[in-house]
Amino acid sequence: MTKKYITTAIPYMNGNPHIGHAMDYCLADVCARYLALTGNEVRFQAGTDEHGSKIAQKADELGVEVQNFVDEKAKTFKDFIAKLNVSYTDYVRTTDEWHERRVQEIWRKLKDHIYLAKYEGWYCTGCERFITDKEYAENDGICPDHLKPYEKLKEENYYLRLSDFKDDLRKAIESGEMLILPDFRKKEILKLLEESPDVSISRPVTQLKWGVPVPDDPSQVMYVWVDALSNYITVLGYPEEDISDWWPATAQFVGKDILRFHAIIWPAMLLGMGLSLPKVLVSHGMVLADGQKMSKSIGNVVDPNEVIDKHGIDAFRYYFLRHIDTFDDSDFTWTKFEDAYNNELANDLGNLVQRLATLAAKNGIKIGNDTNVSKLSPEYCELMDKFEFSKAFDYVWEKVQGLNKRIDDEKPWELAKNGETEKLEKCLTSLVLDLLQVNAELSPLIPGTSEKIASVFAGEINPPKTPLFPKN
RNA sequence: CGCGGGGUAGAGCAGUCUGGUAGCUCGUUUGGCUCAUAACCAAAAGGUCGUUGGUUCAAAUCCAACCCCCGCAACCA
């Protein structure tokens, strides 16, 4: 049994769960379920990112203790992940004591690549980041997002010497040793890598209190990314435990907006610790609303809870994994969602199960423990292995539609009328077995529905009493 | 001249590398069927393949120029 490790990006606790988080979880979950289905032992991480001054600030505004604030938020997210039916095995909160302790150990291991230096330049308190001279000039000294003038800042920070790793990193990305998907993101990262300066990885405690203290220097606190990125291995027990069974990760799922941290800083940290690089970084796109970015100011934000409540979690998973592009930005619209639900889930699949179950039950068909039903087709596996989830499910759907066509072509109801019992039995048995094979391929995508379908045909065949996908 | 992706039927996309009658899904129209969630199956209509020019017997596909959209750069996955 091969061991596989899948990770999700840990969301920052300054907002509520949104549709983008759901996208990340769904992709990783399909991957994890597929790997388990093909006989691998899978560990699957999820968690929450809870440090940083923005979170502290938010708690201040609300007049609550920071710890209480993140406890509350973290619970919201954990409930949300449960609602998505995500099959994670390991969960990390960056405020977990064991995480903080291990991050400090990681810092110690990186020490040869860390140096202290003075930064002098522009800073935006709103963005919480350093501003280059070029940016300063372009924006006439005023932050376009926060409409506040940049501040002159002089402070000491620790830096990670990225230049120690650039060559190795570039080779690893070019050769595919650390595969970045899709390919156009790989090109972007390679270019970005060349231009990347050393990264500041700490802030003075006077600026940032809510974080993990730098070991042996109480005046500095770790920059949140160092803390957050480490979660992928602290959750496995690093450095206290031997993680070589699980690391390097089989695949790490991230949004395109945070790919740069995962494709440059994170691998640099890993190389600094003498660990291997993740095998694959899967960068997915953003979910748009009518071609536009979802934003509070435009007011076009789609609440994932609303979508799930409308037609259930499997309809949600189905739409996001089949009709939202795995790698690039795509639209969510209610019309498209409803169309997919009615035409594909209810009419194609739901009705197929219903009609076939009814035919089989009426004619006394029984399916034994046929082992072939869980056999996955090579075409399907090939697409899944390449993380082409939406294409894989397109392929499966052709089979769903093919079964409907076969029923029409073979007309089992006529065979029944004509008393051709033997032929009828053969025809229906074959159809049911093929449906169960398709069902196995659907199980990573819509696990709940897949179980229901399996139970309909297990032993005595019982057609669903209520439709799998009811229409209103 | 920053780098990159893209402009193909009403919508979303494939086809472009390796030129040879323009394809898929949804939507629309019509026909068939009755096991089934007014579901299913079949057929039809619908396109100057961003613009202009070039190469070729032949261009969505190769070459050149131009126009338009988007990403890499905004709290956010």
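Since the model is a prediction, treat every value here as computed from it, not as a measurement. First the proteins, then the strands, lettered A, B, ... as listed; each starts at 1.
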I would like to know whether E174(A) and K186(A) meet salt bridge (Lys or Arg N to Asp or Glu O under 4.0 Å); could you show each step before the answer?
CA-CA 8 Å; E174(A) 276 172 350; K186(A) 169 176 164 178; over 6 Å; no

Mind checking the P distance from rU16(B) to rG6(B)? Whole angstroms is fine.
12 Å

How are the rings of Y341(A) and H311(A) set to each other: parallel, tilted or perpendicular (split at 30° and 60°)?
parallel

For atom NZ of K256(A) and atom P of rC72(B), their distance in whole Å
5 Å

Nearest-Å distance once atom C1' is located in both rC67(B) and rU25(B):
31 Å

Under 4.0 Å: is that the gap between some side-chain N or O of N16(A) and OP1 or OP2 of rC76(B)?
no

Rounding to the closest angstrom, what is the interatomic distance between rC66(B) and rG10(B) at atom C1'?
29 Å

With rounding to whole Å, what would you report as the distance between rG4(B) and rG23(B) at their P atoms?
34 Å

According to a strict under-4.0 Å criterion, is N347(A) in side-chain N/O contact with OP1 or OP2 of rC40(B)?
yes

Take the protein atom NZ of K411(A) and the nucleotide atom P of rA42(B), then report the distance between them rounded to whole Å.
11 Å

Would you say K471(A) places a side-chain N or O within less than 4.0 Å of OP1 or OP2 belonging to rA39(B)?
yes

Between C1' of rC26(B) and CG of D348(A), the distance in whole Å
11 Å

Rounding to the closest angstrom, what is the interatomic distance between rG20(B) and rG27(B) at atom C1'?
32 Å

Distance check, C1' atoms only: rU56(B) and rC63(B), in whole angstrom units.
12 Å

At under 4.0 Å between heavy atoms, what does E338(A) touch on the DNA or RNA strands: base, sugar-phosphate, or nothing?
nothing

Side-chain donor or acceptor of N351(A) under 3.5 Å from a matching atom on the base of rA39(B)?
no

ring-ring contact (aromatic ring centres under 6.0 Å, His included) evaluation trace for H323(A) with F332(A)
CA-CA 9 Å; H323(A) 293 295; F332(A) 174 89; over 10 Å; no

What does L356(A) touch in the nucleic acid at a heavy-atom separation under 4.0 angstrom: a base, only the sugar-phosphate, or nothing?
nothing

Taking atom C1' in both rC69(B) and rA45(B), compute the distance separating them and give it to the nearest angstrom.
30 Å

Can you confirm whether the side chains of N363(A) and E425(A) place a donor and an acceptor under 3.5 Å from each other?
no

Would D408(A) and R355(A) pass as an ion pair if we require N to O under 4.0 Å?
yes

Find the distance R406(A):CZ to rA42(B):P and express it as a whole number of Å.
14 Å

Classify the nucleic acid contact of V254(A) as base, sugar-phosphate or nothing, counting any heavy atom under 4.0 Å across all strands shown.
sugar-phosphate

In whole angstrom, give me the gap between the C1' atoms of rU8(B) and rG46(B).
14 Å

Y395(A) atom OH is separated from rU25(B) atom P, nearest whole Å, by 17 Å

Ranking rC40(B), rU25(B), rA42(B) by distance to the side chain of K405(A), first place goes to rA42(B)

